[in-house]
Amino acid sequence: MSTEGKKEGEVISLRRYPVKSMGGEELTAVRVGSQGVVGDRHFAFRDAETGKIVSAKYPAKWGKIFSLPVSWVRSPEESKEPVVRFQLPGGEWRRSDDPSAAEPLGALFGRKVSLLSSALDTVSLEEYWPDIEGLAHREATTDEKMPPGTFFDAAPIHLVTTATLRTLRELYPEGLFEARRFRPNFVIALPEGERGFVENGWVGKRLRIGDSLRLEITMGCGRCVMTTLPQGDLPQDPGILRTAARHNHAEVGVYAKVLSEGWVWRGAPVQLEES
């Protein structure tokens, strides 16, 4: 296979989410290892009763976690024992190295939870499916397995293009299709004239980002109820998910696995490798 390819676009946003389902952080550059963006979904909370991972995919039970801000005290780039802090609704900050850090969240949810800094071999979460035509389930809650040893839903890298976001805005002008609704690691800017769900055509292909990072696009990213939840100034809007379901099988963006590690920065070129 040739590693030369045509330039598709460039990275305009880099994000990671230190604690699963909590707030994310915008980066200017980041290292991507074999297990994804360093520091992404490094921590997660676990329901002490069911053993399942706390996720806003089940908003009736865990939705309050979605709006809680997170920041690093010691990031994974700085320490082999990283420490994160998160803010409670009342404004108090708690650190992950505090043995009682999870107690106030248990009070917030009405359920005892623990904070995990390493994933288990067998782990799952609960996902609520709203009553929207085109979803795999409707008005149901399912048990979803996660990749062993990670806190990811399906794959270590998630990316979306500006072409997809532009297309969704045109299909549903009332909706605020901001990238942060979809919690990607990378937003890739394509030429202004590009329309359509471009990254659908990348599935099974390989991308080079920056100097050395190479990804294999594995599948489309099926969306869930989290895309409809309010985030900061973004209102709750079921039309976001309904539009994706109606026009693209409820997929927005794609998942990828890492073929070779490397650094990514804002402005890094993105090339689609030729077979």
Side-chain angles (χ1 to χ4, degrees), residues 5-17 23-24 26-27 56-57 59 63 66-67 127-139 153-155 157-207 209 215 217-256 264 266-272:
K6 65 174 183 176
K7 180 178 177 180
E8 294 293 322
E10 66 179 44
V11 176
I12 59 168
S13 178
L14 293 167
R15 293 186 69 81
R16 68 180 172 188
Y17 308 85
E26 183 77 26
L27 305 167
K57 286 177 177 287
F66 201 39
S67 60
E127 179 170 355
Y128 167 71
W129 301 78
D131 187 12
I132 292 177
E133 184 177 357
L135 300 183
H137 307 275
R138 295 178 69 174
E139 199 58 48
D153 292 338
I157 297 290
H158 165 41
L159 59 89
V160 66
T161 68
T162 54
T164 283
L165 297 175
R166 278 195 293 266
T167 298
L168 289 167
R169 291 181 189 121
E170 291 171 358
L171 292 168
Y172 177 46
E174 299 86 351
L176 296 176
F177 285 94
E178 301 296 327
R180 54 197 161 111
R181 278 204 186 271
F182 304 100
R183 296 169 67 85
N185 297 116
F186 309 143
V187 179
I188 297 175
L190 300 182
E192 193 65 32
E194 290 271 11
R195 293 292 188 276
F197 301 101
V198 173
E199 55 270 48
N200 289 2
W202 296 352
V203 175
K205 299 181 180 180
R206 298 180 177 188
L207 288 182
I209 302 179
L215 305 176
I217 308 302
T218 55
M219 60 182 173
C221 182
R223 308 318 314 198
C224 70
V225 70
M226 286 175 65
T227 61
T228 73
L229 302 179
Q231 290 188 52
D233 59 345
L234 298 177
Q236 182 166 336
D237 187 354
I240 299 293
L241 182 55
R242 186 175 293 113
T243 302
R246 181 175 298 157
H247 297 282
N248 196 43
H249 313 291
E251 294 179 356
V252 179
V254 287
Y255 284 124
V264 181
R266 200 178 299 161
V270 178
Q271 290 183 314
L272 186 65

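None of the values given here were measured: they were computed from a predicted structure. Any value given below was found using the heavy atoms of this structure, including those in side chains, with hydrogens, waters and symmetry copies removed.
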Problem set entry | Backbone N/O of Pro184 and side chain of Tyr17: donor-acceptor pair under 3.5 Å | yes

Exercise. For the side chain of Gln231 and the backbone of Arg180, is there at least one donor-acceptor N/O pair under 3.5 Å apart?
Worked result: yes

For this session: Measure across Thr228 and Pro238 and return the closest heavy-atom pair with its distance rounded to 0.1 Å.
Result: CG2-CA, 3.8 Å

Problem set entry | Any residue meeting side chain to side chain contact (heavy atoms under 4.5 Å, CB included) with Ala155, in chain and number order, not counting sequence neighbours | Tyr255

Problem set entry | Contact summary for Gly175 and Ile240, nearest pair of heavy atoms | CA-CD1, 4.1 Å

Problem set entry | N/O donor-acceptor pair under 3.5 Å between Arg266 side chain and Val11 backbone | no

Problem set entry | Note, Phe186 side chain near Ser13 side chain (heavy atom, < 4.5 Å) | no

Exercise. Rounded to the nearest 0.5 Å, how far does NZ of Lys205 lie from CG of Leu272?
Worked result: 5.5 Å

Exercise. Roughly how far apart are Cys221 SG and Phe182 CZ, rounded to 0.5 Å?
Worked result: 9.5 Å

Exercise. Does the side chain of Pro130 come within less than 4.5 Å of Leu135's, by heavy atoms?
Worked result: yes

Exercise. If only atom types and distance count, is the side chain of Thr167 paired as donor or acceptor with the main-chain N or O of Gly196 below 3.5 Å?
Worked result: yes

For this session: Would you mind reporting whether Val203 and Thr218 have side-chain heavy atoms less than 4.5 Å apart?
Result: no

Seminar exercise, completed: The reported gap from CZ in Arg166 to CG in Leu171 (rounded to nearest 0.5 angstrom) is 13.0 Å

Seminar exercise, completed: Smallest heavy-atom separation, Thr162 atom then Ala189 atom, equals OG1-CA, 3.4 Å

Problem set entry | Validation row: Asn185, Arg15 side chains within 4.5 angstrom (heavy atoms) | no

Exercise. What is the distance from atom CD of Glu170 to atom CG of Leu165, rounded to the nearest 0.5 Å?
Worked result: 11.5 Å

Exercise. Between Ile217 and Leu207, is any pair of side-chain heavy atoms under 4.5 Å apart?
Worked result: yes

Problem set entry | Side chain proximity check, Glu127 to His137, heavy atoms < 4.5 angstrom | no

Exercise. Side chains of Trp129 and Val225: closer than 4.5 Å at any heavy-atom pair?
Worked result: no

Problem set entry | Non-hydrogen atoms of His158 and Val252 that approach each other most closely | CE1-O, 3.5 Å

For this session: Take Val187 and Thr161, measure what side-chain contact (heavy atoms from CB on, under 4.5 Å) needs, and give me the verdict at the end.
Result: CA-CA 6 Å; Val187 179; Thr161 68; over 6 Å; no

Exercise. Is there a side-chain contact between Asp153 and Lys57 (heavy atoms, below 4.5 Å)?
Worked result: yes

Problem set entry | Closest approach of Met219 to Ala154 (non-hydrogen atoms, all atoms of both residues) | CE-CB, 3.6 Å

Problem set entry | Separation of Ile188 CD1 from Leu159 CG (nearest 0.5 Å) | 4.5 Å

Problem set entry | Distance-minimising heavy-atom pair for Ala163 and Leu190 | CB-CD1, 3.8 Å

Problem set entry | Point-to-point distance, once rounded to the nearest 0.5 Å, from CD1 of Ile132 to CG of Leu241 | 4.0 Å

Exercise. Does anything in residues 234-249 pair up under side-chain hydrogen bond (donor to acceptor under 3.5 Å, both in side chains), and if so which pairs, sequence neighbours excluded?
Worked result: Tyr172-Asp237, Asn200-Asn248

Problem set entry | Crowding at CD, Glu26 (>12 non-hydrogen neighbours, <6.0 Å) | yes

Problem set entry | Derivation of the side chain to side chain donor-acceptor pair (under 3.5 Å) call for Thr164 and Glu199 | CA-CA 8 Å; Thr164 283; Glu199 55 270 48; 2.8 Å; yes

